[in-house]
Chemist: 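Structure in structure tokens, see below.
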Amino acid sequence: MARLVLKFGGTSVGDISRIQNVARHVKREVDAGHHVAVVVSAMAGKTNELVGWCREASPIHDAREYDAIVASGEQVTAGLLAIALQEMGINARSWQGWQIPIRTDGAHGAARIQEIDAGEIVRRFEAEGQVAVVAGFQGIAPDNRIATLGRGGSDTSAVAIAAAISADRCDIYTDVDGVYTTDPRIEPKARRMAKISFEEMLEMASLGAKVLQVRSVELAMVHKVRTFVRSSFVDPDAPGMGDFDNPPGTLICDEDEIVEQQVVTGIAYSRDEAQISLRRVEDRPGVAAAIFGPLADAGVNVDMIVQNISEQGDATDMTFTVPAGDLQKAITLLEKAKAEMRYDALQSESGLTKVSVIGIGMRSHTGVAATAFKALAARSINIKAITTSEIKISILIDGDYTELAVRALHGVYGLDKA
Ligand code: ADP
Ligand code: ASP
Ligand code: MG
């Protein structure tokens, strides 16, 4: 007998018949004798609708009330799945974050889980084999109010619960059957990976592959949670679906569990990036702090930063990216502080995409970046900014070329070939 966490995303619980299909996946594991906690997302599109209502009610709204509203989607699905399971004769009970409780910090809208008291869930496993159906994406903050974990946060709820109950496995069920070399919706030639290392998955997720929330990968890595990404859109009783050691899907694991390491593992992209350039900024110590301090204080996430060498030694150009949704806020802040920052002009551009090449093998191979630049040049895609780290290269381009760039990079590293 084992303890399992099964998480189902929005499309997997998109309507009642999908929820019934999810119940069959759960039943398979219960029938095999396992203790199961299920984590559910809101039904597909629900969270977007709720977020839209908040914005419509007031563009700048109270984060506590935002949380009260957007957390409701998961509450509905948890109740519905508990009913569907009971209908199949399975002992099941729904749980909202506060009932467990899942305690978070006070950062409403982007809270981090601090502690989970899974005692009662485990007691019910042992006493009556009851299935816990947990509303994902939510917990309770120190102010005793509901807090949500940021978009895609149900993945994090699942891994955190898996860690709290010392689960043998955490299965993230979604609308694709694993982690691919790039988003299979953009590149049909993308291949599913049997395994991917925590480090690479972390980069893929941070750089836009939304198949797992970044924080869930961090937690899985720290707590050594055996995490699989797999599809809910298959017959729950098909052969192999209940395989305990090797379920179908992609295993996120330690680097040394991967035998054949590629130089490049995958390509990720993130749309809706914006770029800001400050022209003729004074070239003196403290300037970067003066510019980026206020942006950080306002919660604007500054990403790629390029500072040119000044020609005459007195002034320089500073270029950086922010999420398009934060562009207006950033411009307002920068214009307000213009006198202090002492720049000549501010220019901005939105509608950009960051494409990234990821692979642990880059640590020991040269020429990976040059290959990317050549592939983009051959398609006349202009590069606006570049950043690199030990295991990734990120390139900023015009958003119109997203698909073209992703496919070009995917092809040039041979990722479409087995
Ligand atoms: P869920 O609602 O189940 O949480 P998400 O929409 O958050 O699902 O994540 C799954 C989606 O992630 C897929 O439909 C796919 O389009 C996208 N995706 C992006 N990059 C990748 C990748 N490298 N591998 C698999 N899926 C990816
Ligand atoms: N429903 C939330 C969202 O759409 C959380 C999740 O699905 O993971 O962001
Ligand atoms: Mg998701």
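If you're wondering where the values come from, they're calculated on a predicted model, not measured in any experiment. In each ligand, atom 1 is the first atom listed, and ligand 1 is the first ligand listed. Only this structure's heavy atoms are used, side chains among them; waters, hydrogens and symmetry mates stay out.
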Chemist: Looking only at protein heavy atoms, identify the closest one to atom 23 (N) of ligand 1 and say how far it is in Å.
Modeler: Y180 O, 3.0 Å
Chemist: Numbering the atoms of ligand 1 from 1, which are under 4.0 Å from a heavy atom of V179?
Modeler: 24 (N)
Chemist: For residues 364-374, run the donor-acceptor check on the side chains, cut-off 3.5 Å, and write out each pair with its distance to 0.1 Å, sequence neighbours left out.
Modeler:
| from | atom 1 | to | atom 2 | distance (Å) |
| --- | --- | --- | --- | --- |
| S364 | OG | G361 | O | 3.3 |
| H365 | ND1 | G361 | O | 3.1 |
| T371 | OG1 | G367 | O | 2.8 |

Chemist: Number the atoms of ligand 1 from 1 as they appear, then name those within less than 4.0 Å of a heavy atom of R185, with their elements.
Modeler: 13 (C), 14 (O), 15 (C), 16 (O)
Chemist: Taking the six-membered ring of Y401 as reference, does the cationic atom of R379 (NZ for Lys, CZ for Arg) lie under 6.0 Å from its centre and within 45° of its axis?
Modeler: no
Chemist: Within the 3.5 Å criterion, strictly below it, is a donor on E273 or S270 matched to an acceptor on the partner's side chain?
Modeler: yes
Chemist: For residues 15-27, dump all side-chain donor-acceptor pairs below 3.5 Å to protein atoms at least two apart in sequence or in another chain.
Modeler:
| from | atom 1 | to | atom 2 | distance (Å) |
| --- | --- | --- | --- | --- |
| D15 | OD1 | S17 | N | 3.1 |
| D15 | OD1 | S17 | OG | 3.1 |
| D15 | OD1 | R18 | N | 2.8 |
| N21 | ND2 | S232 | O | 3.0 |
| R24 | NH2 | D235 | OD1 | 3.2 |
| R24 | NH2 | D237 | OD2 | 3.1 |
| H25 | ND1 | R28 | NH1 | 3.0 |
| H25 | NE2 | S232 | O | 3.1 |
| K27 | NZ | D31 | OD2 | 2.8 |

Chemist: Look at the side chain of T77 and the backbone N and O of S41, then say whether any donor-acceptor pair between them is shorter than 3.5 Å.
Modeler: yes
Chemist: Are the side chain of K392 and the backbone of L207 linked by a donor-acceptor contact shorter than 3.5 Å?
Modeler: no
Chemist: Heavy-atom contact under 4.0 Å between K7 and ligand 1?
Modeler: yes
Chemist: Which atoms from ligand 2 have a heavy atom of S41 less than 4.0 Å away?
Modeler: 6 (C), 7 (O), 8 (O)
Chemist: For G10, is at least one N or O under 3.5 Å away from an N or O on ligand 1?
Modeler: yes
Chemist: Out of G152, A209, G136, G178, who is nearest to atom 25 (C) of ligand 1 when you count heavy atoms only?
Modeler: G178
Chemist: Could you tell me whether T181 and ligand 1 have an N or O pair separated by under 3.5 Å?
Modeler: no
Chemist: Please give me the minimum heavy-atom distance between T250 and V179, naming the atom from each residue.
Modeler: OG1-N, 2.9 Å
Chemist: Is any N or O atom of D175, backbone or side chain, closer than 3.5 Å to an N or O atom of ligand 1?
Modeler: yes
Chemist: Check if G10 has a non-hydrogen atom at a distance under 4.0 Å from any atom of ligand 2.
Modeler: no
Chemist: Which atoms from ligand 1 have a heavy atom of K210 less than 4.0 Å away?
Modeler: 6 (O), 7 (O), 9 (O), 12 (O), 19 (C)
Chemist: Which bit of I172 gets closer than 4.0 Å to ligand 1, counting heavy atoms only: side chain, backbone, both or neither?
Modeler: neither
Chemist: Just how far is it from atom CD of Q138 to atom CD1 of I102, taken to the nearest 0.5 Å?
Modeler: 7.0 Å
Chemist: Is there side-chain contact between I90 and Q130, with heavy atoms separated by less than 4.5 Å?
Modeler: no
Chemist: Counting heavy atoms only, name the option from E74, R151, K46 that's nearest to atom 5 (C) of ligand 2.
Modeler: E74
Chemist: If the contact criterion is a heavy-atom separation under 4.0 Å, does G136 count as touching ligand 2?
Modeler: no
Chemist: Check if A44 has a non-hydrogen atom at a distance under 4.0 Å from any atom of ligand 1.
Modeler: no
Chemist: Identify which of V176, V13, T174, L207 has a heavy atom lying nearest to atom 3 (O) of ligand 1.
Modeler: T174
Chemist: Taking the six-membered ring for Trp, is the centroid-to-centroid distance between Y173 and F233 below 6.0 Å?
Modeler: no
Chemist: Answer yes if the side chains of T265 and E200 hold a donor-acceptor pair under 3.5 Å, and no otherwise.
Modeler: yes
Chemist: With a cutoff of 4.0 Å, is P184 in contact with ligand 1, counting heavy atoms of the residue only?
Modeler: yes
Chemist: Taking 4.0 angstrom as the limit and counting only heavy atoms of M204, give me the atoms of ligand 1 inside it, by number and element.
Modeler: 23 (N)
Chemist: On a heavy-atom basis, which atom in R230 and which in P248 lie closest, and how many Å separate them?
Modeler: CB-O, 3.2 Å
Chemist: Among all protein non-hydrogen atoms, which one is nearest to atom 21 (C) of ligand 1, and what is the separation to 0.1 Å?
Modeler: D183 CA, 3.7 Å
Chemist: Counting only nitrogen or oxygen atoms and a 3.5 angstrom limit, does D155 reach ligand 2?
Modeler: no
